[in-house]
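Working notes for the structure below.
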Amino acid sequence: MSTLHIQQEVDTYAGLDSWMHRWEPRLKIGAGLVFVVGVVLLQSPLLAAVALGIAVAAAVSSRLPLSFLITRWLWVLPFLAIMALSLSMGGGLGASGEGLTLAFLVSMKALTALTIMITLVGTQPLSALMNAFTQMRLPHLPVMALLLACRYLFCFRDELQVRQRAFAARAFQPKPNRRTVSVYGETTASMLLGALDRSEQVHRAMVARGFDGRLRTSPPRAINYTDLAKGVFSVASVTLLLLVDRGFPI
Amino acid sequence: MNALEITDLHYTYPDGTKALDGVSLTIPHYARTVLLGANGSGKSTLLLHTNGLLPPKRGRVQVLGQEWAGNDMRRLRERVGMVFQDPDDQLFATTVADDVAFGPRNLGLDESTVQERVHQALNELEILDLAHRPPHNLSLGQKKRAAIAGVLAMQPEMLVLDEPTASLDPLAVRHLTTLLHTLHRQGRTIILATHNVDFAYQWADQVIILHRGQVLASGDITLLQDEALLDKASLEPPLLLQVFRDTPHRPRNTAEANQIIRNTLLS
Amino acid sequence: MHIADGVLGTPVVAAAAVVAAGTLVYAARGMKSEDVPRVGLLAAAFFVSSLFRIPMGITSVHPVLIGLTGVMLGRRAPLAIFLGLLLQAMLFGHGGLTTLGVNTLIMGLPALFAGWAFAATRRYPVLPRGFMAGVVGVIGGTLLVVAFLSLSSEMYSQGPFSLINLVLLTHLPIVIIEGFLTGFAARLLYRTRPEVLGIEEQRRENRAE
């Protein structure tokens with residue numbers, strides 16, 4: 001259940017102060033997205049490694065501890081290792097250099113994207129990030145649904161923990177058999193029913209406070225020159241990487 | 001003009017459950033009314049009608065002197081605030097302050113008024129320090145306050161609460177009682193649905209007893225001395241009345257009860 | 001069941017993003033205010049429910065609930081899946097950012113299909129229908145993963161231990177588990193609250209168009 005505990009770490013470093021923490025969230029999300037897309041387009045493993053270096057530098061300069069980054073990396077590392085193994089040995093004829101190169105390239109890109117994501121999400125409270133979504137010109141209803149999903153995820157997470165404790169208290173041990181699957185299947189169904197009933201109540205409570213399908217949000221923080229400069233800097237850095245990657249002489 | 005006037009209201013849920021079966025009642029302005037009833041007596045369904053969340057299928061519902069429909073509904077919801085039983089149903093935003101701002105924003109108020117209202121409501125409930133906390137890691141008592149703040153920020157003249165004492169610890173119930181007194185003194189009509197007879201006995205002016213979707217009795221708190229009536233509604237008499245069953249004077253609260261005991265022992 | 005950033009080729013990612021955007025528009029069309037909490041809360045509940053782990057040898061597997069999502073949410077399923085994936089990417093860094101479109105398709109299209117197949121077999125008992133929806137969901141998702149991988153690079157399919165073979169192998173037990181789990185879940189839903197199985201809902205929506 002370690003997935004469940006990770007969620008509690010989301011806001012751990014949100015209260016610190018750094019250039020990333022001070023960056024206007026909407027611009028930060030946009031710039032992060034552009035950076036990741038740019039990195040995914042790279043073809044040179046070396047430049048992808050440089051991109052990872054930049055991402056780690058961004059994370060560290062935002063005062064996110066390296067240990068935090070590494071614990072998050074641990075989630076994808078096994079997958080990347082299996083891929084590397086499969087790509088290099090898949091043919092069964094000893095290591096293939098080409099496969100290893102591809103595995104390296106993919107790993108660098110995946111880790112870069114992950115690091116950028118962690119930095120984007122970790123450098124302001126989750127609520128501020130969600131607010132940023134509401135302040136962008138996105139369709140109201142799906143954004144509202146995202147907000148609700150994010151809020152009630154934590155509610156249901158607690159419920160799942162309670163249910164699992166109740167199972168353990170009655171000496172239930174999950175095994176790959178029919179009984180476990182039926183217990184989990186029915187528990188899933190009852191959790192979904194609970195969610196459905198709650199969604200009806202939530203809707204009533206929202207309507208009771210005047211909700212009419214329109215999302216009204218707090219005005220966003222004004223974007224200043226520093227915010228813009230940070231955006232230009234990150235877009236420029238990934239553009240530079242791409243130019244070198246495609247063989248433009250610098 | 002009455003705060004609430006209901007005539008022959010019926011409601012059946014889509015699954016066939018008959019929740020209200022010909023309810024008629026009148027609640028005057030500035031009353032402290034308790035809708036008392038066991039689980040499944042129709043209290044919550046009745047409350048949903050006071051805010052227009054359920055439209056009357058059969059019967060009439062007049063809130064604050066008129067029947068409401070269509071575009072006026074938002075005016076109604078501005079004037080009648082509804083606090084749900086489970087604060088987790090109500091606190092949907094990612095921070096307490098955002099949640100409290102939801103109602104005022106829906107009223108179309110400008111941002112500075114919204115912030116003013118949020119501050120005022122949080123202050124009134126003494127939870128200014130929780131403003132930027134996500135609701136999911138608050139205690140139930142704190143959640144309840146945040147949910148009430150979210151309704152008060154709309155400045156309603158009538159307040160409707162569904163089972164406000166449910167699962168609260170004794171201290172939180174005491175805080176709630178104080179708060180309800182304050183809100184009432186500010187001039188609000190308060191309707192509260194509960195099965196907590198002890199709470200009803202100490203707080204209410206008017207008691208309406210519901211049973212299986214029908215009004216069994218309506219009157220002042222002396223209704224709670226009628227054991228046969230309460231038994232019929234699957235309720236128990238208040239503890240104070242059980243203890244002081246045969247004394248000539250029935251105490252309304254523990255202070256009065258103490259007085260009776262002291263007098264008896266001294267005489 | 002998702003693919004990380006950097007694994008797929010650019011044209012594949014770009015094309016998938018476009019198709020996924022179209023799918024999401026379809027899923028969100030005609031959405032009313034009362035659908036908002038339904039989609040949001042079910043997205044969260046599906047996401048949390050997929051965290052049940054069933055130990056299997058030295059590792060463990062968890063249900064993906066693709067079929068059940070389709071059964072309960074009908075045309076809104078891809079939207080709920082997209083929201084779940086977005087949250088998963090943000091909160092744990094699972095999945096990917098550029099592959100959000102790819103992953104939405106991998107789970108969303110089989111969910112739509114499973115939901116449709118479940119509704120179309122209305123005359124049969126609910127347990128096998130649920131089983132079928134679960135199986136169809138996982139198989140569909142796995143095939144899409146394989147398709148996206150093989151479209152991206154030939155190297156993913158080379159040799160007996162190729163990435164694609166590994167994907168197929170590891171998803172085999174999930175197919176069975178997901179089938180039974182969805183069957184049991186659907187049976188309980190059918191017994192307690194048949195209206196939530198989305199059949200009426202879908203019929204009404206189809207007529208409205």
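Chain A is the first sequence line, chain B the second, and so forth, proteins listed ahead of strands; every chain is numbered from 1.
Heavy-atom neighbours of chain A within the stretch residues 97-108 of chain C, taken at a separation under 4.5 angstrom, comprise C:L97, C:T98.
Side-chain contact of A:R204 with A:Q201: a donor-acceptor pair under 3.5 Å is present, judged by distance alone.
Around atom CZ of A:F172, more than 12 heavy atoms belonging to other residues, nucleotides or ligands sit under 6.0 Å away. For A:F79, the CZ atom is densely surrounded, since the number of other residues' heavy atoms within 6.0 Å is greater than 12.
In this structure, chain C has heavy atoms under 4.5 Å from both the backbone and the side chain of A:M83. The contact between C:I177 and chain A is made by backbone and side chain atoms together, counting heavy-atom distances below 4.5 Å. Only the side chain of C:L68 comes within contact range of chain A, with heavy atoms under 4.5 Å apart. In this structure, chain A has no heavy atom under 4.5 Å from any part of C:T182. Of the two parts of A:R151, neither the backbone nor the side chain holds a non-hydrogen atom closer than 4.5 Å to a non-hydrogen atom of chain C. If you measure heavy-atom distances from A:L129 to chain C, the contacts under 4.5 Å come from the side chain alone. If you measure heavy-atom distances from A:E159 to chain C, you find no contacts under 4.5 Å at all. Looking at A:T180, only its side chain comes within 4.5 Å of chain C, counting heavy atoms on both sides. Neither the backbone nor the side chain of C:S50 comes within less than 4.5 Å of any heavy atom in chain A. Residue C:A186: no heavy atom, backbone or side chain, is found under 4.5 Å from chain A. The part of C:L65 that comes within reach of chain A is its side chain, from C-beta onward, which places non-hydrogen atoms under 4.5 angstrom from that chain. In this structure, the portion of A:V121 lying under 4.5 Å from any heavy atom of chain C is its side chain and not its backbone. For C:L41, the parts sitting under 4.5 Å from any heavy atom of chain A are the backbone and the side chain alike. Neither the backbone nor the side chain of A:L147 comes within less than 4.5 Å of any heavy atom in chain C. Using a 4.5 Å cut-off between heavy atoms, A:L146 contacts chain C through both its backbone and its side chain.
Remark: C:R75 qualifies as a cation-pi partner of C:Y26 under the 6.0 Å distance and 45° angle criteria applied to the six-membered ring. For the pair C:R129 and C:Y124, the cation-pi criterion (under 6.0 Å, within 45° of the ring axis) is not fulfilled.
A distance-only check finds a donor-acceptor pair linking the side chain of C:S150 to the backbone of C:V146 [under 3.5 Å]. Between the side chain of A:R165 and the backbone N or O of A:L160, no donor-acceptor pair lies under 3.5 Å. At distances below 3.5 Å, not a single donor-acceptor pair connects side-chain atoms of C:S60 with backbone N or O atoms of C:M56. Checked by atom type and distance alone, the side chain of C:R76 pairs as donor or acceptor with a backbone atom of C:A27 at under 3.5 Å. Remark: the backbone N or O of C:P63 is not paired with any side-chain donor or acceptor of A:Y184 at under 3.5 angstrom. Side-chain atoms of C:S152 do not come within 3.5 Å of backbone N or O of C:L8 as any donor-acceptor pair. Using a distance-only test at 3.5 Å, with no hydrogens or angles considered, a donor-acceptor pair links the side chain of A:D11 to the main chain of A:L126.
Ranked by non-hydrogen atom pairs under 4.5 Å with chain A, the options C:A4, C:A28, C:A89, C:G96 are led by C:A89. Each of C:G130, C:P55, C:G9, C:S49 has some count of heavy-atom pairs under 4.5 Å with chain A, and the biggest count is that of C:P55. Ranked by heavy-atom pairs shorter than 4.5 Å toward chain C, the options A:R178, A:H203, A:E186, A:E98 are led by A:H203. Interface check for chain C: of the options A:S190, A:G99, A:P176, the most heavy-atom pairs under 4.5 Å are formed by A:P176. Heavy-atom pairs under 4.5 Å with chain C peak, among A:V36, A:V202, A:L114, at A:V36. Among A:L33, A:V40, A:V207, A:L141, the residue with the largest count of heavy-atom pairs under 4.5 Å with chain C is A:L141.
Between C:E34 and C:K32 there is no salt bridge, since no side-chain N of the basic residue sits under 4.0 Å from a carboxylate O of the acidic one. Salt bridge C:R193/A:D197: present, at least one basic N to carboxylate O contact under 4.0 Å.
Summarising the geometry of C:L112 relative to C:G74, their closest heavy-atom pair is CD2-O, 3.7 Å, with the distance given to 0.1 Å.
When ring centroids are compared, C:F46 and A:Y152 stay outside the 6.0 Å threshold.
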